[in-house]
Novice: 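I have a structure here, written as structure tokens, and I will follow up with some questions on it.
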2 protein chains.
Amino acid sequence: MDKPTNPRRTRIQREKRELILEAALEVFAQHGFRGATIDQIAEAAGMSKPNLLYYFKSKEAIFVTLIDRLMEAWLAPLREMDAEGDPVTEVRSYIRRKIEMARDFPRESRLFANEILQGAPRTLPLLEGELKELVDEKAKIIRDWMRQGKLRQADPHHFIFAIWATTQHYADFDVQVRAVLGPDKGGEGRFEDAARFLEGLFLG
Amino acid sequence: MDKPTNPRRTRIQREKRELILEAALEVFAQHGFRGATIDQIAEAAGMSKPNLLYYFKSKEAIFVTLIDRLMEAWLAPLREMDAEGDPVTEVRSYIRRKIEMARDFPRESRLFANEILQGAPRTLPLLEGELKELVDEKAKIIRDWMRQGKLRQADPHHFIFAIWATTQHYADFDVQVRAVLGPDKGGEGRFEDAARFLEGLFLG
DNA sequence: GCAATTTTTGACCGTTTGGACAAACGTTAA
DNA sequence: TTAACGTTTGTCCAAACGGTCAAAAATTGC
């Protein structure tokens, strides 16, 4: 027993777990943790509820697995910001990457937003630990760049917050953005427009 | 019967409905619509579930009432932006008001964020109608200001989005902001710091 | 005071929920 | 063939859910 949680897994187990996580991402992102039901996820994954529970021991377990994976991908762009690189290029690349993530992985962004909105019940230690460390480190780099006159002077922590807020906005508040822009301006080009605007805002 | 929904209400009805809405705001903001239960709201309001349902005919009815009220207050700051005023002063005031709302009414902000994240099932018409109209009108004003060289040139719609995103971030992602800033910098002054930073970002 | 009305409550109902379980099914290898 | 193992499902359960209802309690108007 307990094979699915055991790191040693069969091919079928690996495939089915992937299938479930993909379905769960869709459902959790749309309804939040409590709003989502195991039946919904099971149906989206094309299997019965007991079958799903054979691969994950609980709804919570699916959610935690999803969040864990998400975190890695989430922090990656900031990790890549290089102290040795050209400041303007580094910040521009970071903004680009974040906007591309909002465009290509909106479900991940919404899942994360849901978790934080609810008070980060499952991620607070990570936020206070790994995330804070990373941000502090990068904030120091940004502060140096600003002191060297390579970037406009500002509080580097709030500078990072502002990049997060503005880029993720296009994923989390997508419905509102599209409603306001209308069918014309709200089309495919809105992420490109946003990227250009944000580069100007943060680097102009 | 049907007294509570009838506009003609007794003193008790008005008071109790207020009590319920206050309690519901707390619970909905923390758990979202589906995550919140009538029992939770009733307990927070200090009354029994059937008693609560005497004043509001359903959970949905409470939520809709809350959202309706919220919208008015939500749009007010943007409405106040005056085409005749000084551009820099007007934008600065708008940012100030929005940050103050994030500080003083974080539950309202989170409730709204929840609704939009879920795809705005109950507010989409309002977003596409009243909100879009208002934003289009103010975007025009901002564009004029930019053309006159009073503000840095940029896409006015995305300019407004960026103000929304950054200010509401301090309410919606408060846990994360505090976790990253730590007990020291994350104290009472963080909204003041944010306000100063945002003024520099959008007007500097 | 008393009757009409408003407010409150306990008990209840049908449905949905997360999850358990044993039995059945499929696959593999001796 | 058959025993062992991995996979799938139908059935079931207790708790939680949104909501109803009749009756009790409190309030109000005369």
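Note on naming: letters A, B, ... go to the chains in the order of the sequence lines (proteins, then strands), and numbering restarts at 1 for each one.
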Novice: In a check of salt bridge (charged side-chain N to carboxylate O under 4.0 Å, His left out) between A:R69 and each of A:E22, A:E18, A:E108, which one passes?
Specialist: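 Among A:E22, A:E18, A:E108, the one meeting salt bridge (charged side-chain N to carboxylate O under 4.0 Å, His left out) with A:R69 is A:E18.
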Novice: Which one, D:dT8, C:dT8, C:dT7, comes nearest to the side chain of B:Q13?
Specialist: C:dT7
Novice: Just the rounded figure in Å: distance from C1' of C:dG18 to CZ of A:F56.
Specialist: 16 Å
Novice: Among pairs that include at least one residue of residues 23-35 of chain A, which meet salt bridge (charged side-chain N to carboxylate O under 4.0 Å, His left out), considering only residues two or more places apart or in two chains?
Specialist: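 Those involving residues 23-35 of chain A are A:E26-A:R107.
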Novice: B:W145: what forms a ring-ring contact (aromatic ring centres under 6.0 Å, His included) with it, not counting sequence neighbours?
Specialist: none
Novice: Could you check how far CZ of B:R17 sits from P of C:dT8, rounded to whole Å?
Specialist: 14 Å
Novice: Identify which nucleotide among D:dT11, D:dT20, D:dT8 has an atom closest to any side-chain atom of B:P50, counting heavy atoms from C-beta outward.
Specialist: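 Selected nucleotide: D:dT20.
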Novice: Do the side-chain N or O atoms of B:N51 get closer than 4.0 angstrom to the phosphate oxygens (OP1, OP2) of C:dT9?
Specialist: yes
Novice: Between side-chain atoms of residues 197-204 of chain A and protein atoms elsewhere (two or more places apart, or another chain), which donor-acceptor pairs fall under 3.5 Å?
Specialist:
| from | atom 1 | to | atom 2 | distance (Å) |
| --- | --- | --- | --- | --- |
| A:E199 | OE1 | A:R92 | NE | 3.2 |
| A:E199 | OE2 | A:R96 | NE | 2.8 |
| A:E199 | OE2 | A:R96 | NH2 | 3.2 |

Novice: Out of C:dT8, C:dG10, D:dT7, which nucleotide sits closest to the side chain of A:Y54?
Specialist: D:dT7
Novice: Please report the distance, rounded to the nearest Å, between OH in B:Y55 and C1' in C:dT8.
Specialist: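 Taking atom C1' of C:dT8 as the reference, OH of B:Y55 is at 8 Å.
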Novice: Just N and O in the side chain of B:S48: are any of them under 4.0 Å from OP1 or OP2 of C:dT9?
Specialist: yes
Novice: Can you name the residues that form a ring-ring contact (aromatic ring centres under 6.0 Å, His included) with B:F112, not counting sequence neighbours?
Specialist: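 B:F112 satisfies ring-ring contact (aromatic ring centres under 6.0 Å, His included) with B:W74 only.
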Novice: Between C:dG19 atom P and A:I41 atom CD1, what is the distance in whole Å?
Specialist: 10 Å
Novice: Can you list the residues that meet the salt bridge (Lys or Arg N to Asp or Glu O under 4.0 Å) rule with B:R152, with sequence neighbours excluded?
Specialist: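 With neighbours one apart ignored, the set is empty.
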Novice: Within the sub-3.5 Å range, which N or O atoms of nucleotides 13-18 of chain D have a protein N or O partner, and how far apart are they?
Specialist:
| from | atom 1 | to | atom 2 | distance (Å) |
| --- | --- | --- | --- | --- |
| D:dC17 | OP1 | A:R34 | NH2 | 3.4 |
| D:dG18 | OP1 | B:A36 | O | 3.3 |
| D:dG18 | OP1 | B:K59 | NZ | 2.8 |
| D:dG18 | OP2 | B:I38 | N | 3.0 |
| D:dG18 | N7 | B:K49 | NZ | 3.0 |

